[in-house]
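Read the structure below first, then the notes.
Letters go in sequence order (proteins before strands), and every chain restarts at 1. The structure presented is a predicted model; accordingly, all values stated were derived computationally and were not measured.
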Amino acid sequence: MIEWPESKIHAFQKTLLDWYDHNKRDLPWRRDHDPYHVWISEIMLQQTQVHTVIPYYERFMGEFPSVADLANADEGRLMKAWEGLGYYSRARNLQKAARQIVQDYDNVWPRDIAELQKLAGIGPYTAGAIASIAFNQPVPAVDGNAFRVFSRLLEIDDEISKPQTRKIFEQVISKIISQERPGDFNQAIMDLGSSYMTAANPDSDHSPVKAFNQAYIDGVELNYPVKNKKPRPIEVDYFALVIRSSAGILMEKRPDSGILADFWTFPLVAKEDLLAFSGQDEFAEDEDALTAMTDYFAQQYGLTLAFQFLPVKKVTHIFTHRKWLMTLLSADLTTENDLSLFPGRFFSKEDFIQHAFPKVQQKLIDRVNSLDE
DNA sequence: TAATCGTGGGT
DNA sequence: TACCCAAGATT
């Protein structure tokens, strides 16, 4: 890591802020510095690209214009507003934090970053972003852009996923950040990181701060930031079940923790579980899974179902750490059945419209709808 | 500390 | 294709 003298720090601040003043992106959450606006945008932007967030942000502000509106919102409406954005605990934490602000802080935002981090879903980055952008406090906001930009500017070789590395960056940025315009400084770093100093194809030849970019000068830009490789998603085989009756399609409520917590999904049976249930290592014939599933539903839930494969029977969905390979089976419930042992209920067309579904379920819903055409 | 938690886009 | 990346937080 190299260090900058005071004169270079001031030159960098001026170059960066001059560039930002003439080139900052016109984004809906930059119309003012309202902490509510800053907060909602920062949560939505976690691990999510700007162009994805913009329509969600606009709709969200239309539905929940204030902290109080969010605190009092119906959870179903909240999840519908977040539907498709992913990382759904963010939405649930938003409402928790809104209620904290109303109840614990008498509807007055805390300005201290330590206090901000007591709010649900607000960690070190988001606390820094709110404190600097909304309250003009000279604190760093170390996100992926800041890691990338400053690791290149100063050739910082520490591996960025380590918690102690964040402290190193916070210390470095605290010395460089503009005391007069900390919010603009942090946002300028983000704009820089998403334009000239990108991860894959940086354009430092034309960057306003190329003279400050030691890694570029040394021709080693792509070595930064130093980051560990992530493991590939683990593949899991499921049977996804389309069970119809006159009342609609049978849906299952997922547990209140883990992936897609609390969402309604088509019943999913892991192939591994079905094999274990039937005492086999593998289904010798595809059709063996159908009879195994029939036996499984009879024993587990007391339901008599004759399963068959759907015409298009494979759907895949990739999450960050899992890859679901789903085989679609269908069955009809023609007689009255006792559903008391099954963790779910039938969904009408209206239910499908009103509830929020994760993307993987929308894929399945689309497949089912295409069957009826 | 390392794993978990979604989705869309780029190469 | 397979992999990486995108304004991270939580456990």
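- Within 4.0 Å of A:G258, counting heavy atoms only, lie sugar-phosphate atoms of the nucleic acid but no base atom.
- Whole-Å rounding puts the A:R92 CZ to B:dT4 P distance at 19 Å.
- Going from the P atom of C:dT1 to that of B:dG6 covers 23 Å, rounded to whole Å.
- The cluster map of Ile, Leu, Val, Met, Phe, Trp and Tyr, joined by side-chain heavy atoms under 4.5 Å apart, puts A:W82 and A:I365 in the same cluster.
- Per the geometry, CD belonging to A:Q361 stands 10 Å off P belonging to B:dT7, to the nearest Å.
- Relative to the six-membered ring of A:Y57, A:R59 misses at least one condition, a distance below 6.0 Å or an angle of at most 45° to the axis.
- The listed nucleotides are B:dT7, B:dG8, C:dC5; the one nearest the side chain of A:P358 is B:dT7.
- Rounded to an integer number of Å, the gap from A:K363 NZ to B:dG8 C1' is 11 Å.
- In this structure, A:R77 does not pair ionically with A:D74, as no charged nitrogen and carboxylate oxygen lie closer than 4.0 Å.
- Under 4.0 Å is where a charged nitrogen must lie from a carboxylate oxygen, and between A:K175 and A:E6 no such pair does.
- At the heavy-atom level, A:P231 lies nowhere under 4.0 Å from the strands shown.
- Distance from the side chain of A:A199 is smallest for C:dC5 among the nucleotides C:dA9, C:dC5, C:dC3.
- Using atom P as the reference point in both C:dA7 and B:dT4, the two lie 24 Å apart (nearest Å).
- Here the P atom of nucleotide C:dC5 and the NZ atom of A:K229 are 10 Å apart, to the nearest Å.
- If you check B:dT11, C:dA6, B:dT7 against the side chain of A:H317, the one that comes closest is B:dT7.
- Donor-acceptor pairing under 3.5 Å, judged by distance alone, is present between the side chain of A:T48 and the base of B:dG6.
- Nucleotide B:dG8 holds its C1' atom 14 Å from the CD atom of A:Q362, rounded to whole Å.
- Using a 4.0 Å heavy-atom cutoff across all strands shown, A:W82 reaches no nucleic acid atom at all.
- Phosphate proximity of C:dA7 to A:N186: absent, as no side-chain N or O sits under 4.0 Å from OP1 or OP2.
- Among the protein residues, A:L27 comes within range of the nucleic acid bases, having at least one heavy atom under 4.0 Å from a base atom.
- In this structure, A:R99 does not pair ionically with A:E75, as no charged nitrogen and carboxylate oxygen lie closer than 4.0 Å.
- One finds a salt bridge joining A:K118 and A:E115 here, because a Lys/Arg side-chain nitrogen approaches an Asp/Glu carboxylate oxygen to under 4.0 Å.
- Following rounding to the nearest Å, A:H321 (NE2) and C:dC5 (P) show an atom-to-atom distance of 19 Å.
- The 5' end of DNA chain B is approached more closely, in terms of each residue's nearest nucleotide, by A:Q46 than by the other of A:N201 and A:Q46.
- Cation-pi check for A:R148 over A:F169 is not met; the charged atom does not lie both under 6.0 angstrom from the ring centroid and within 45 degrees of its normal.
- Projected onto DNA chain C by closest heavy-atom contact, A:N145 and A:Q117 fall at different nucleotides, the more 5' of which corresponds to A:N145.
- Between A:R148 and C:dA7 there is a side-chain N or O to OP1 or OP2 distance below 4.0 Å.
- Residue A:T320 places a side-chain atom within donor-acceptor reach of the base of B:dG6, judged by atom type and a 3.5 Å distance cut-off alone.
- Of all nucleotides listed (B:dG6, C:dC5, C:dA7), B:dG6 comes nearest to the side chain of A:Y87.
- A:L260 comes within 4.0 angstrom of sugar-phosphate atoms only, judged by non-hydrogen atoms across all strands, and of no base.
- Among the protein residues, A:V53 comes within range of no part of the nucleic acid, since none of its heavy atoms lies under 4.0 Å from any strand.
- Between A:R90 and C:dG8, a side-chain N or O to OP1/OP2 separation shorter than 4.0 Å is absent.
- Of the candidate nucleotides C:dA2, B:dT1, C:dA7, B:dT1 has the atom lying nearest to any side-chain atom of A:P163.
- Of the candidates C:dA6, B:dG8, C:dA9, the closest approach to any side-chain atom of A:T126 belongs to C:dA9.
- Note: CD (A:Q47) to P (C:dC5) measures 11 Å, nearest angstrom.
- Across all strands, A:A120 comes closer than 4.0 Å only to sugar-phosphate atoms, never to a base (heavy-atom distances).
- Backbone-only engagement by A:I122 is indicated by non-hydrogen atom pairs under 4.0 Å involving sugar-phosphate atoms exclusively.
- Among C:dA6, C:dA2, C:dA7, the nucleotide with an atom closest to any side-chain atom of A:K227 is C:dA6.
- Side chain A:R166 to base C:dA9: no donor-acceptor pair is found below 3.5 Å.
- Here the nucleotide nearest the side chain of A:Y125, chosen from C:dA9, B:dG8, B:dC5, is C:dA9.
- Both A:G84 and A:K162 lie near DNA chain B, and the one whose nearest nucleotide falls closer to the 5' end is A:K162.
- Within 4.0 Å (heavy atoms only), A:R254 reaches no atom of the nucleic acid at all.
- The shortest side-chain heavy-atom distance between A:H317 and A:L364 does not fall under the 4.5 Å cut-off.
- Remark: the separation of the P atoms in B:dC5 and C:dA6 is 22 Å, to the nearest Å.
- Note: NZ (A:K359) to P (B:dC5) measures 20 Å, nearest angstrom.
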